Structures are given as structure tokens and as C-alpha cells.
Number of protein chains: 2
Amino acid sequence: MDVARSKVSEAGTPVACRSCQARHGVVCGALSSSQLRELGRHSLRRKVDAGSEIVAQASESSFYSNIMRGVVKLCKVMPDGRQQIVGLQFAPDFVGRPFVRESTLSAEAATDAEICVVPRNLLDRMISETRELQRSLHDQALKELDAAREWMLTLGRRTAEEKVASLLHLIATHAEPQTATSTAFDLPLSRADIADFLGLTIETVSRQLTRLRKEGVIRIENIRHIVVPGMDELEKKISA
Amino acid sequence: MDVARSKVSEAGTPVACRSCQARHGVVCGALSSSQLRELGRHSLRRKVDAGSEIVAQASESSFYSNIMRGVVKLCKVMPDGRQQIVGLQFAPDFVGRPFVRESTLSAEAATDAEICVVPRNLLDRMISETRELQRSLHDQALKELDAAREWMLTLGRRTAEEKVASLLHLIATHAEPQTATSTAFDLPLSRADIADFLGLTIETVSRQLTRLRKEGVIRIENIRHIVVPGMDELEKKISA
DNA sequence: CCGGACAGTTGATCTGGATCAAATCGCAGG
DNA sequence: CCTGCGATTTGATCCAGATCAACTGTCCGG
């Protein structure tokens, strides 16, 4: 994947993590080879099914994860059941909050995914030891902060149609290789998830999707597969 | 101020910055005394009026700021003029994005304020040199990220009344000393700002404020001054 | 091949907040 | 004290999106 590669090479030596046979950028890119060996011995690659929780809201977790494949959604739920997805994470993002055990949100696999699970205290120690790693995690936090604020604009000020277009654009942007003119991708989210991400209801999401289809901005090949013939048409719908 | 004091003592030696005759926590708390001297020589304490811009959206800035007094709002505007406030910052928060010159949002004084202005390249150097400072900024970024996500829930899933109550609660929480039972504070934001922060219109904000007043949850002493007789009543309105 | 359970779509109606339109307030300047 | 102007409140109406209610796949187990 594109993102992964650039992230790693930007961070330093692209060495594979033992347990993952992979270079997961945010964590591994910043580590020395001896640290990588140690990490490899103690970390674990794990497949998770869509829908399963990686971190539970308001619980303590003694593990961090690094996403190797798939999409993870970050959710907040209110006591009465209202729910808001506050972020999507893609490979090779890091999941977890260094030095803080309690989480105020839950992380759940949106699609089938593979993650690399790392013991919390081991990685915490490495963070305090290696400036590069701290810097790397700091960078991801700032990236997430930008994304969150961008999404606040979407939630607070955009119309339903603009919201749905924004979501499609976000996914398209993070999706796999695309031709220059048209883009095709699988939606990693159900209609219900999309609604929870956009602050809408599933009915409205559905209606706006068919609206965009009728306007020719997208084609809906099947329930989960979308084709965007012209990305600029889609961007026009976002008006930003 | 409470926040300032706790922040500084938590971060280390509470030494005053020369130019500020103050300990501004996020930056200074993490520096050695020789670094503080250097910072003091090159930084500048400045008063800014309500409404004036500290950082302009989509522009380059060669300064960072540290808020000494007052409230700063972070705004995003769309080409068509729709606006969303994506965060409020209080003393002693740090304003600016290390190592990144372009900003995707503007920072504007919401009230009259005092800030300590620091040259970008000097502080960037200190960040790369001192782990404590990086850690401190990393912590602030994570705190802002949590706040942003909490607010996404408010924007996406709460009703107008809940939104207004959430805002009052946020301000009350960051406001000056309060008695155990009741809390009083000045609103740092105009009705228009509140609307832009909550994703509502000024009319709706006004109506919900008078609603909360009629319900006895708040008293509106004058346009900018609010009294909350019982904080638990207010919290009940947020339903979270 | 059938039934039942979800996930998604579509239609009809309702409503919370937006929009449009006056008041009113508050205050700075003359 | 009067005048004007921007900020706020209040009222009347409208409408985007929610809610309620069928209906249509689609997939899976028998």
C-alpha cells in the first residue's frame, strides 16, 4: 500500500517486524534493529473479524495495536445508545494512547482486518527511550487531530448530500490504487456505520447515495462497491 | 489560575519566562533554566484585542504563541462563508503546529487576551533538543484530540438544547474559581461564535439559552454573564 | 427450493431547527 | 439626552432530515 511505504521510508530504515513479516510504519519505522527484534519476540499478528472490538470504551487495555490490513472505526456511544464514529484508521496506523490506560472510545474492526498486537509496557518503554518513535506517534496524533477537526466542519456545517460526498471522498482518498480518471473502491462501512460517522440516519444516507447515483456522480456496482467516474464531480459536491 | 499552576508543577520546575514574568506551562515547564533565559530574550509578551487574528487560515506563520490570559478560538471557514469553530484554547495552552508552517485553520482571540510570542525556529530547535518539551506538546496534542472527538459527538448526535448545555459546561469547567455549589462565569463567545461552535444558528442558540433560563438551569445576569446554580442540573441536560 | 433474518431502499408524514422578519437591548458618539 | 448601529431576542413560517412504515433484495440453513 502506498501510504505504508511512504510513511516508512520517511521515518527511517524500513525493516520488517519479526512477528509481522511486515514493516508497519508508525511503530517499526522509528526503531533500531535490536528494538525491532525485541518487539518481534513479544508482539503478535492477529486476524480480527469485522465487528469485533479491539479496544473497549472506558476499559483498560494492556495492549497497543498496529493496523496491518483493513479499516478500524473509533466510536463513542452515549448512555442512551446514540453513537458517533469519531475516526477511521487505515493501515499502517497505530491504535492506542501511549501512557494512558483508560480509553474514552472504543476501536472496532470495520472490515476484516489484521493487526499487530504489542504489549503496552514494552512499547511505553521504547517510547521513552527513542525520540524517533515519540516523534512518529506525535505526528500521527497531529494527523488525527487535523482529520478530526476537518470532520467537525463536516458534522457541523455541511448538508446531508455534502456529508455523504465527503465520506466517499475520504474513503476514495485512502483506498487502493486507482486509475487517473476514475476511482473504484469497496465501502468499508455499512449504511449504519456511515450514518453514525456523518451524524445522519441510515435512511438519509441511502437516499443521498441514490441521489448521487442519479446525478451521475457515482455508480453503485453493488451494495459495498462504488465507482467514481470523475473525482472532480465528487469534489464539487463537497464545496470545499 | 488553576490550570496553569497544576500544569507547570506537573511538568517540572516552575520557573518564570523572562519576557512574560510568568510560568507558561506547556512550553516553559519543560525547559532548563538556560533555555528559559534564551527563550525569554527572544520571546515577546503581547496584548491582543478580541477578534484579532493570531494565525490566519492557509497562511504561513513564523511564530508560535502561548496563551497567558484570555480565550482563543480555532476556526475553519468554507469558501462560501460557512464557519465552524473547531476548538477553544485557554491559558496556558500552546498555539501552533510544530515543524509545520501551513495551517489549515485560523486562531483568533475570542476575548481580549495576552499571548507570549515565540520565534518558530528557536522553539523548533528546542523541541528537537529537549525530550520533555516534545512530550509536553505531544500531551497537549492528545488532549486536544480528545476534546475534538468529544465535540464531534456533540456536533453529530446531540440536540440543540444538549449542545448549548454542553458549551456552558465546557466553559464552566475551564472558568475561574467557583464555589462548591454554584458557578458563575463570563461567556468568552458571542452568540454568533457559540452558533459556529455548535453547528447551529444564532436564533436557535438564543432560544435554547432562554429555554434553559426558564427551566431554572441557568441565570443570565447579563448578555455575557451566566450563573449556574447547580452544576448537576446542567450536566443532566447533556445526557452523558 | 423455501423461509426467515438482516441490510438496504423507498414512500409518507412529522418536526426540530433554519430562515425570514420584526422588535428590543445596549452602548458609543454627538 | 438623543441617535444610530450592531448584537440579541422573539415571533411566524418553512423545509431538510428524522421518524414511521412497507417493501425488496440477498444470503444462509434446512
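Since we're looking at a predicted model, the values are computed, not measured. Chain naming here is simple, since letters A, B, ... match the order of the sequence lines and numbering starts at 1 in each.
Summarising the geometry, the separation between CG on A:L200 and C1' on D:dA18 is reported as 10 Å, rounded to the nearest angstrom. In this structure, the CD1 atom of A:I202 is 11 Å from the P atom of D:dT19, given to the nearest Å. Rounded to whole Å, atom P of D:dG6 lies 19 Å from atom CZ of B:R191.
Without hydrogens or angle criteria, B:D93 side chain to B:F90 main chain gives a donor-acceptor distance under 3.5 Å. Between the A:Q140 side chain and the A:F94 main chain, a donor and an acceptor come within less than 3.5 Å of each other. With hydrogens and angles disregarded, no donor-acceptor distance shorter than 3.5 Å links the side chain of B:S65 to the backbone of B:V118. Judged by distance alone, the side chain of A:R157 and the main-chain N or O of B:Q83 form a donor-acceptor pair under 3.5 Å. In this structure a side-chain-to-backbone donor-acceptor pair under 3.5 Å is present from A:D80 to A:R82. Judged by distance alone, the side chain of B:D186 and the main-chain N or O of B:P188 form no donor-acceptor pair under 3.5 Å. Under the 3.5 Å distance criterion, the side-chain polar atoms of B:E233 are left unmatched by any main-chain donor or acceptor of B:G230.
For the segment residues 149-169 of chain A, the set of residues with a heavy atom within less than 4.0 Å of an atom of DNA chain C is empty. Within residues 203-218 of chain B, the residues having any heavy atom closer than 4.0 Å to DNA chain C are, in order of number, B:E203, B:T204, B:R207.
Pairing each heavy atom of A:S166 with each of A:R158, the nearest pair is OG-NE, 3.5 Å.
For DNA chain C, the contact window with chain B, defined by any atom under 4.0 Å from a protein heavy atom, covers C:dG17 to C:dC20 in 5' to 3' order.
Within the helix from C:dC1-D:dG30 to C:dG30-D:dC1, the inter-axis angle between the opening and closing five-pair segments is 30°, rounded to 10°.
At a threshold of 4.0 Å, the pair B:E215-B:R213 does not count as salt-bridged, since none of the basic side-chain nitrogens sits closer than that to a carboxylate oxygen. With respect to the salt-bridge test (charged N to carboxylate O, under 4.0 angstrom), the residues B:K47 and B:D112 do not qualify.
The stretch residues 49-63 of chain B participates, sequence neighbours left out, in no side chain to side chain donor-acceptor pair (under 3.5 Å) pair at all.
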Please list every donor-acceptor pair under 3.5 Å in which a side-chain atom of residues 197-212 of chain A meets a protein atom from a residue at least two apart or in another chain.
| residue | atom | partner | partner atom | Å |
| --- | --- | --- | --- | --- |
| A:T201 | OG1 | A:T204 | N | 3.4 |
| A:T201 | OG1 | A:T204 | OG1 | 3.1 |
| A:T210 | OG1 | A:R207 | O | 3.0 |

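Inter-residue side-chain proximity for A:V71 and A:Q89 is flagged as unmet; no heavy-atom pair is nearer than 4.5 Å.
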